[in-house]
Structure formats: C-alpha cells, structure tokens
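Right, one structure below, let's go through it.
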Amino acid sequence: MKAILKSEFWYRFSKNRLTVAGTILVILLFVVSFLAPWISPYDPGEINLRMVLSPPSEGHLLGTDQLGRDVLSRMIWGSRISLKVGFVATGIAILIGAVLGALAGYYGKWVDTIIMRFVDIMLCFPSFFLILAVIAFLEPSIWNIMIVIGLTSWMGITRLVRADFITLREREFVQAARAIGASDFRIIFIHILPNAMASVLVAATLGVAGAILTESALSFLGIGVQPPTPSWGNILTAGKDNIDIAWWLSLYPGLAILITVLGFNLLGEGIRDSLDPRLRN
Amino acid sequence: MLRYIAKRLVFMIPMLIGITIISFIVIHLAPGSPTDLQTEMNPRVSAEMKERIRAMYDLDKPLYQQYLSWLGKLVTLDLGNSFATDHRPVFDKILERIPVTIIINVLSMILIIIVAIPIGVLSAVHQDSLFDKITGVFVFVGFAMPTFWLALLLMILFGIHLGWLPISGIRSLNYEYLAPGAAFIDLVKHLVLPVLLSAFGGLAGLSRYMRANMLEVIRQDYITTARAKGLSERVIIYKHALRNALLPVITILGLSVPGLIGGSVIFETIFAIPGMGQLFYMSAMSRDYPVIMGILFIGAVLTLIGNLIADVSYALADPRIRVA
C-alpha cells in the first residue's frame with residue numbers, strides 16, 4: 001500500500017482534480033447501492049394509489065411515479081442494477097476480448113487473420129440493432145442483458161490486447177520463458193497478459209460507463225430490466241408516458257445516469273493519463 | 001483508383017456473407033419462434049397446425065438450407081416476404097422507410113461537421129483558454145449524456161412548455177391541407193429535434209478528435225517553417241494546418257455510420273418517426289425474421305459503403321497515399 005502511495009502513478013493520479021472527482025463519484029455510487037436497504041426512505045415497490053404522480057415534496061423528495069412509488073427510493077435501488085450490469089457485462093467483454101486478442105497477437109498468421117476479420121465483421125453491425133434483435137427474442141431479464149451487452153462489446157479490447165501482444169512477444173523475458181521450456185499457455189497467460197493489463201483496465205473502466213448507458217437505453221425502450229424491478233432506464237419510460245404532467249420522472253433518473261457515466265469516464269481517463277502521460281491528448 | 005474501388009467492392013462480398021451468417025445464426029438460435037406469437041394465445045391451435053405454420057415459413061428445414069435459400073433469393077434483390085399479416089416483400093417495406101432515416105442521418109452528419117470542426121480548431125489554437133476549458137467540459141458531459149434522456153428534456157422544454165416544436169411524427173395531421181411552403185416548414189419543425197439529438201452524440205467525439213489532431217499538426221516542422229517565412233497566423237492555421245488536421249476526420253466520419261444507424265432505433269421510437277429504426281424495433285418485437293435479416297443486411301451494407309467512401313476520399317485528399 002505504501003509503495004502505491006509513493007509511486008509516480010499515484011502522484012499523477014491524485015494531482016488531477018477531475019480524476020479525483022471521478023473517483024469520488026464512483027465510490028459514492030458504490031456506497032449508495034451498498035447501503036440501499038438502509039438509506040432509501042421507502043420500500044421501492046411500495047404502491048400508494050393516493051399519492052400517484054405527486055411532485056417533489058418533503059414527504060417524497062423526488063416525487064412519486066404513476067403507482068405512487070417513491071422515486072428517490074427507486075433510484076437508490078436502481079443504482080444496484082446499473083452497477084451490476086456495468087460490471088458483469090464488462091467482465092464478459094474483457095474475458096472474450098483478452099483471450100481473442102492474446103491469441104491473435106501471440107500466434108499471428110492465420111489465427112490473427114481469422115480473429116481480426118471476425119472483429120471487423122462484428123464492428124460492421126450497428127451494434128444496437130444486434131443487441132435489440134437478440135434481446136427481443138430472449139426473455140428480457142437482467143442476466144440476458146448483461147450477457148448480450150458483453151457479447152457485443154469485446155472488439156475494442158481485442159484490438160488493444162493484440163497490439164500489446166505483438167510488441168511484447170518479441171521481448172527478452174518472453175524469449176527467456178520460451179528458452180526454459182514454458183508452454184504457450186503459460187507464456188500467454190502468466191508472462192505476457194499481466195503486462196497488457198494496463199490498457200485493458202482503462203478500456204474496462206470506460207466500458208462500464210458504456211454498458212450502463214446501453215442498459216438504460218434498453219430499459220427505456222421496455223426491453224431491458226422489467227418493472228417492478230427499478231432501473232434508471234425504466235423510470236424514464238414512465239417519464240415519457242407522463243411527459244406532459246410529471247417532469248420529475250424524466251429529470252432525476254437521467255441525471256443519475258449522466259453523473260454515473262461521467263464518473264466512470266473521468267476515472268478511466270485519469271487512470272490512462274497516470275499510467276502513461278504520453279497518451280494524453 | 002477505379003481498380004482500387006473495384007477491389008474493395010469485391011472484398012465486401014465475403015464480409016457481407018460473414019455478416020449475414022452471423023445474423024442468421026443469432027436470430028434463429030434464439031429461443032422461441034415467430035409462430036409462437038400467432039399461436040400461443042390461441043387454445044384451438046393444435047401441435048399439428050403449429051407444424052404446418054412452421055412448414056409454411058420453411059422454419060422446419062435445417063438452418064443451412066434456410067440460409068442458402070435466403071442467400072439465393074438475395075442475389076435477385078429479393079429479401080423474402082414479411083411474416084407480418086400484410087406479407088409484403090421485405091425489400092419494399094424497407095425501401096419506403098429508408099429515406100426518412102437517411103435524411104435525418106445525413107442532416108445530423110452535416111450538423112456534426114459544421115459545428116464540431118470549428119470548435120475543435122478553435123480550442124486547439126487557443127489551448128487552455130476559457131473557450132477551450134468550456135468546450136472541454138461540454139465534451140465530457142456530451143460523452144456521458146444519455147441522448148434519449150436529453151430527448152425527453154428537450155421534448156418537455158420545446159414541445160410542452162414553450163410549445164414551439166411538435167414532439168412526434170414527421171408531419172402534422174393537417175399536412176395535406178397546407179400550402180407547399182407551409183408544408184415544408186411543418187416538415188422542418190418536425191425534424192429539428194431528431195436531427196439535433198442524433199447529431200449530439202457525434203459532436204463531442206468529433207470536436208475532441210479534431211482538437212487532438214490540430215494540436216499535433218501545429219507542432220510539426222512545416223508549421224514552424226511557415227512561421228519562419230513570416231506568414232500571417234491566419235494563413236498558417238487555416239491554410240497550412242487545417243488541411244492536414246482534417247484528413248483523419250474523414251475516416252472517423254466513415255466509422256461513425258453504424259453508430260448513427262443504431263441510434264436511429266432510439267430516436268425513431270421516441271419521436272414516432274416512421275423510419276428504418278422504428279421498423280426494426282417493431283419487427284424485432286414481433287419476431288419478423290425476414291425483415292430483421294433485411295435490415296441487419298442493409299445496415300451492414302450502408303456501413304461498408306460508408307467505410308469505402310471514407311477510404312476513397314482519404315486517398316483522393318492525401319497525395320501521400322498511393323493506392324495500387
């Protein structure tokens with residue numbers, strides 16, 4: 001821990017005010033979603049038909065929805081959904097992207113050609129179309145959404161890992177490992193991959209932000225997280241349905257998405273700048 | 001150059017075959033079948049009847065046979081008939097929806113170019129100025145903005161509170177009775193919000209990219225040379241630097257095509273615009289396989305053509321690139 005705090009990375013990381021702001025936003029989000037059962041003023045599923053669509057007041061700080069449920073409580077619980085989808089989807093994307101990128105970069109030749117052509121093809125789909133097509137067929141559930149978002153967002157990571165592997169595979173430590181008879185599997189995953197993790201970490205942080213945005217868009221269109229489970233996207237659907245009477249249903253959940261995504265983006269860019277100042281633009 | 005284009009066009013064919021195979025597998029391997037929606041709710045439909053319906057749509061055949069017959073028809077520009085009750089040819093269905101989508105996307109592309117490039121150039125030339133900092137914040141917020149939410153907010157502001165703009169469809173109900181001039185204004189009013197919003201996502205990205213390019217270019221030796229010759233700052237920036245910084249932008253614009261097309265699903269659903277995105281959404285919901293396949297195919301073709309145009313114009317604009 002002391003070594004980290006003294007390192008050059010930490011120095012640059014903590015120097016940048018925007019990065020620190022991003023980190024605080026992300027931590028805050030974790031705290032809120034972790035403490036959801038204790039800090040939300042109401043049960044997120046509690047229906048109160050006498051309080052339907054009531055504007056923000058002292059009893060309900062952010063107002064109520066079309067069933068009289070407390071919007072603030074639903075948003076607090078919704079943060080859990082956003083984080084879950086963001087992390088699991090990105091985890092899947094990293095797993096696929098790192099393995100394919102490692103194989104393509106390490107073996108080169110026809111392995112590389114096949115994998116990279118596959119990447120090109122996947123990049124040709126308007127990805128939202130592909131996601132929509134699959135989700136619409138499957139039962140819309142949070143697990144399916146995580147899987148589908150993960151399966152359609154690994155291409156960038158593949159390219160990054162491949163580029164790292166192409167330079168790393170020629171380095172002395174790899175030759176040394178080969179000389180003492182290490183297997184390809186060992187060289188790829190134990191020796192080279194840890195050295196390629198820096199760029200993956202950056203892509204992953206930005207990927208979490210992207211996955212959260214996609215999930216909210218899908219839930220907004222009614223094919224993501226299904227009510228009564230609260231998610232920021234499906235509260236916005238109610239906002240659209242009541243657009244002429246209940247502005248608070250449209251305003252606050254979107255603000256939560258914006259701030260969350262902003263937090264992860266700032267954090268990701270901060271990590272990138274601190275790892276390698278040459279990458280700054 | 002013509003040979004290069006021809007070569008690229010030929011190379012598109014294996015790409016398209018790969019794309020259609022993946023789409024086909026993804027669509028057909030997903031659980032459920034299009035016949036479910038017609039039959040599940042109806043207790044009088046027997047298992048035998050279900051089989052007959054499946055056979056009618058060729059869904060009982062092996063997957064590779066279905067794919068080959070789809071591909072065979074594609075060669076004659078036949079994308080099959082819709083599973084929807086109208087059973088119309090998919091090609092016609094898409095053709096009548098595509099103009100709106102393309103008009104909105106082209107307009108927003110133009111908007112992106114004329115707004116983002118000056119922003120990028122100015123914030124690079126005046127690096128660390130107030131303008132640069134403000135646009136920097138705008139770019140960060142722009143990256144994080146869920147555009148469908150921005151759409152909701154703008155609808156509330158301009159559509160409901162101020163009442164300046166309509167919030168759904170592309171025509172008013174009394175469109176047919178309007179004079180040609182008024183009809184045009186009516187159309188423009190309907191398109192303002194969708195175009196603005198679909199441009200929004202690209203704005204942040206392109207202006208940041210333009211700024212980075214410009215910063216790189218103005219540090220080059222030939223710019224120092226131009227300064228040493230005593231050229232005015234205006235000539236240096238707008239003649240020598242800008243031209244070179246613009247080149248990579250062409251590629252970015254080509255790459256942004258799938259994003260724009262994908263985004264049209266969201267905007268067309270929010271604003272009830274009868275375009276390709278809305279058709280896709282409705283077809284996906286009713287498992288209309290032929291229409292879904294058709295749109296995925298056409299979306300991929302548009303993307304590949306976008307990339308080709310980008311590469312060709314790059315080669316035309318930059319004499320250093322020789323295509324042979």
Side-chain angles (χ1 to χ4, degrees), chain A residues 18 22 117-118 120-139 148 151 206 209-210 212-214 216-218 220-223 232-233 236-237 239-240 243-247 249-251 253-266 269 280-281, chain B residues 14-16 18-19 21-23 26-27 29-32 140-141 143-153 155-156 159-161 167 208-209 211-212 215-216 255 257-266 269-270 277 280-281 283-287 292 295-296 299-304 307:
Chain A
L18 282 176
R117 280 296 87 78
F118 186 49
D120 287 345
I121 289 176
M122 288 295 290
L123 284 173
C124 265
F125 283 109
S127 66
F128 202 77
F129 273 23
L130 196 62
I131 293 176
L132 192 72
V134 180
I135 294 273
F137 291 156
L138 300 171
E139 201 95 332
V148 174
L151 288 179
L206 300 175
I212 290 176
L213 269 181
T214 308
S216 64
L218 288 171
F220 175 70
L221 288 178
I223 46 177
W232 295 340
L236 283 172
T237 316
K240 183 184 179 252
I243 190 166
D244 42 354
I245 34 178
W247 55 268
L249 280 178
S250 293
L251 182 63
L255 211 53
I257 300 170
L258 174 68
I259 292 171
T260 302
V261 174
L262 198 62
F264 278 103
N265 280 347
L266 287 172
E269 302 234 335
R280 283 191 94 134
N281 54 23
Chain B
M15 281 287 273
L16 281 175
I19 290 168
I21 289 179
I22 294 178
S23 317
V26 164
I27 292 171
L29 287 192
F140 255 120
V141 173
F143 273 131
M145 180 73 79
T147 32
F148 62 90
W149 175 58
L150 189 63
L152 279 184
L153 295 186
M155 278 162 95
I156 293 178
I160 291 163
H161 282 285
I167 57 171
R208 180 93 318 199
Y209 190 76
R211 177 177 179 273
L215 281 177
E216 208 181 301
L255 289 175
V257 173
L260 281 175
I261 298 176
S264 61
V265 175
I266 300 178
T269 312
I270 295 178
F280 188 80
Y281 179 76
S283 313
M285 285 308 167
S286 58
R287 298 188 181 178
I292 298 169
I295 294 180
L296 281 175
V301 170
L302 288 178
T303 305
L304 288 173
N307 289 350

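Chain letters run A, B, ... following the sequence lines, proteins first, then strands; residues in each count from 1.
Heavy atoms of A/Phe264 lying under 4.5 Å from chain B are absent altogether. Both the backbone and the side chain of B/Ile19 come within contact range of chain A, with heavy atoms under 4.5 Å apart. Contact annotation for B/Val301: neither backbone nor side-chain heavy atoms come within less than 4.5 Å of a heavy atom of chain A. Heavy-atom distances place no part of A/Ala209 under 4.5 Å from chain B, backbone and side chain included. When heavy atoms are compared at a cutoff of 4.5 Å, B/Ser23 approaches chain A by way of both its backbone and its side chain. Looking at B/Leu16, neither its backbone nor its side chain comes within 4.5 Å of chain A, counting heavy atoms on both sides. With a 4.5 angstrom heavy-atom cutoff, B/Leu152 touches chain A via backbone and side-chain atoms both. Using a 4.5 Å cut-off between heavy atoms, A/Leu255 contacts chain B through both its backbone and its side chain.
For the atom pair CG (A/Leu132) and CE (B/Met285), the distance works out to 6.0 Å, reported to the nearest 0.5 Å. The distance from the CG atom of A/Asp120 to the CG atom of B/Asn307 is 9.0 Å, given to the nearest 0.5 Å. Taking CE of B/Met15 as the start and CD1 of A/Ile121 as the end, the distance is 5.5 Å to the nearest 0.5 Å.
Chain B forms more heavy-atom pairs under 4.5 Å with one residue of A/Leu213, A/Asp244, A/Ile223, A/Leu130 than with any other, namely A/Leu213. The most heavy-atom pairs under 4.5 Å with chain A, out of B/Ile160, B/Thr147, B/Thr269, come from B/Ile160. No other option in B/Phe148, B/Phe140, B/Phe143 has as many heavy-atom pairs under 4.5 Å with chain A as B/Phe148. With chain B as the partner, the residue from A/Ile131, A/Leu251, A/Ile257 showing the most heavy-atom pairs under 4.5 Å is A/Leu251. The candidate from B/Ser264, B/Gly159, B/Pro146, B/Ala300 with the greatest count of non-hydrogen atom pairs under 4.5 Å with chain A is B/Pro146.
Among all heavy-atom pairs drawn from B/Ala284 and A/Ala133, the shortest one is CB-CA, 4.5 Å. Minimum interatomic distance between A/Ala217 and B/Ile266 (heavy atoms only, all atoms of both residues): CB-CD1, 4.0 Å.
Between the side chain of B/Tyr281 and the backbone N or O of A/Leu221 there is at least one donor-acceptor pair closer than 3.5 Å. Without hydrogens or angle criteria, A/Trp247 side chain to B/Ile156 main chain gives no donor-acceptor distance under 3.5 Å.
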